[in-house]
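Here is the structure we will look at, set down as structure tokens.
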Amino acid sequence: MNTKKSNKITAKQEAKTPAAVLHFKLEIMDDENTYSISFDAKLMEEEAEKMLEAVQNCLYTKAADGIQMYLEQHSLVYTGFTASRKPLEHTEAMKLARLFLYSETCKSIDSYTGNADIYYAVIDHQQAGRRNNCEGCYIAARKVPALYNGQYRYSVIGQAFHCNEITCEEKGYFAIRKNNDYNHFNNLDEAEKELVLPAFGCIDLMALLLNIDHIQSIEQAEKIAVK
């Protein structure tokens, strides 16, 4: 597991408990299913990250049990815990990839994340099509409360791609994105055409998600995600 840097800002260190109950939501999307976990709690961002670290290596089917166990073991008061699984359609996965990779403002993503105050998502999806073509995406996304203006901080690292298994032709778009104070997205780094993350192989999206604050370049993303 990759170790997160310790350069937390002072305001976070001083805030020991959140002022209000927050709505937490995690979505994990693989090739076939979407696993959703949500609950309400007085949960700080640091605690949410520790919770994700605890289930980082779990099977997706076991993530809900792992998160609920973490809440119980750490005596975190929560309500409204729900966990669900539903089939993931290819068109839905690619639509979400475009939403996270191309939205100019936070408003579009807000319309999807709804009332979640702390939102995490990973999408690891591929589907073969006609003539040995394959289309897919890798997305790690996070939404957390900003510390000073009542808004949210968004971070996205992702790639959408097409490839052909016979000709080995590949093309795609990769971006590392964060929002600014005006709720517009800035791309810290991006790449077109050649794939940054391989279409086939082991990609550690949970590691990208847990290190998303500190990744600012393609090289950093590759080092953490590609195993």
Side-chain angles (χ1 to χ4, degrees), residues 1-29 34-86 96 100 105-123 139-157 177-181 183 185 205-215:
M1 184 177 70
N2 296 285
T3 303
K4 289 177 68 64
K5 297 179 181 179
S6 60
N7 55 339
K8 303 290 186 181
I9 63 175
T10 304
K12 283 187 181 180
Q13 293 173 334
E14 291 177 349
K16 296 182 180 180
T17 57
V21 172
L22 302 179
H23 185 62
F24 171 95
K25 186 173 184 179
L26 168 65
E27 289 190 304
I28 302 172
M29 305 181 199
T34 296
Y35 301 88
S36 297
I37 302 156
S38 63
F39 58 87
D40 297 314
K42 289 187 176 181
L43 190 71
M44 294 297 292
E45 179 186 338
E46 291 90 340
E47 195 71 56
E49 290 181 359
K50 291 177 183 177
M51 184 171 61
L52 291 182
E53 287 176 358
V55 300
Q56 181 178 9
N57 298 315
C58 286
L59 296 173
Y60 292 161
T61 55
K62 301 294 184 182
D65 291 339
I67 285 177
Q68 195 161 26
M69 183 181 297
Y70 182 94
L71 293 169
E72 298 287 351
Q73 289 178 342
H74 292 79
S75 301
L76 296 171
V77 178
Y78 65 94
T79 58
F81 189 97
T82 61
S84 64
R85 181 180 71 177
K86 66 177 183 179
L96 287 175
F100 285 114
T105 70
C106 301
K107 186 176 180 180
S108 297
I109 296 180
D110 258 337
S111 66
Y112 175 75
T113 60
N115 64 341
D117 299 297
I118 299 178
Y119 174 84
Y120 294 93
V122 293
I123 309 175
I139 300 290
R142 185 192 66 173
K143 167 189 174 183
V144 293
L147 293 173
Y148 56 89
N149 61 2
Q151 302 296 319
Y152 293 97
R153 293 185 291 120
Y154 291 86
S155 302
V156 176
I157 300 176
R177 320 186 74 207
K178 296 184 186 294
N179 66 311
N180 58 28
D181 289 340
N183 282 327
F185 277 102
L205 288 176
M206 289 299 289
L208 280 182
L209 189 60
L210 288 166
N211 289 277
I212 204 165
D213 259 346
H214 310 298
I215 297 173

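Both backbone and side-chain heavy atoms feed into the values below; hydrogens, waters and symmetry mates do not.
Contacts of Ala48 classified as side-chain contact (heavy atoms from CB on, under 4.5 Å), with partners at least two apart in sequence or in another chain: Phe24, Leu43, Ile118, Tyr120. A search for side-chain contact (heavy atoms from CB on, under 4.5 Å) contacts involving Thr34 returns Glu27, Met29, Ser36, Lys86, Leu88, not counting sequence neighbours. For Asp40, the side-chain contact (heavy atoms from CB on, under 4.5 Å) test picks out Val21, His23, Thr79, with sequence neighbours left out. Applying the salt bridge (charged side-chain N to carboxylate O under 4.0 Å, His left out) criterion to Lys178, with sequence neighbours excluded, gives no partner residue. Checked against salt bridge (charged side-chain N to carboxylate O under 4.0 Å, His left out), Asp117 has no partners two or more places apart in sequence or in another chain.
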Exercise for the section: Please step through side-chain contact (heavy atoms from CB on, under 4.5 Å) for the pair Leu96 and Ile139, ending with a clear verdict. Expected result: CA-CA 9 Å; Leu96 287 175; Ile139 300 290; over 6 Å; no

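Note that CD1 of Ile212 is 4.5 Å distant from CD1 of Ile157, once rounded to the nearest 0.5 Å. In this structure, CD in Glu49 is found 9.0 Å from CG in Asn211, a value given to the nearest 0.5 Å. Here Ile28 contributes atom CD1 and Leu59 contributes atom CG; the two are 10.5 Å apart, rounded to the nearest 0.5 Å. Taken from NZ in Lys25 to CG in Asn115, the straight-line distance is 8.0 Å, to the nearest 0.5 Å.
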Quiz: residues 66-74 side-chain donor-acceptor pairs under 3.5 angstrom, not counting sequence neighbours:
residue: Gln68; atom: NE2; partner: Tyr78; partner atom: OH; Å: 3.2
residue: Tyr70; atom: OH; partner: Glu47; partner atom: OE2; Å: 2.4
residue: Glu72; atom: OE2; partner: Tyr78; partner atom: OH; Å: 2.6
residue: His74; atom: ND1; partner: Tyr70; partner atom: O; Å: 3.0

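Gln56 has its side chain out of reach of Leu209: every pair of non-hydrogen atoms, C-beta onward, lies at least 4.5 Å apart. Using a 4.5 Å cut-off on side-chain heavy atoms (C-beta onward), Leu26 and Ile37 make contact. Side-chain contact between Asn179 and Ile109: absent, with no pair of heavy atoms (C-beta onward) separated by less than 4.5 Å. The closest side-chain heavy-atom distance from Met206 to Val122 is below 4.5 Å. Looking at Glu45 and Asp213, their side chains come closer than 4.5 Å, going by heavy atoms from C-beta outward.
Although no hydrogens or angles enter the test, the distance criterion places a donor-acceptor pair under 3.5 Å between the side chain of Arg177 and the main chain of Phe100.
Across all their heavy atoms, Lys42 and Ala20 have their closest contact at CG-O, 4.0 Å. Nearest heavy-atom pair, Ala141 versus Val156, reported as atom, atom and distance to 0.1 Å: CB-CG2, 4.2 Å.
Cation-pi geometry between Lys143 and Tyr152 is satisfied (NZ or CZ under 6.0 Å from the ring centre, within 45° of the ring normal).
Using the six-membered ring where Trp is involved, Phe39 and Phe81 have ring planes that are parallel, under 30° apart on the 30 and 60° scheme.
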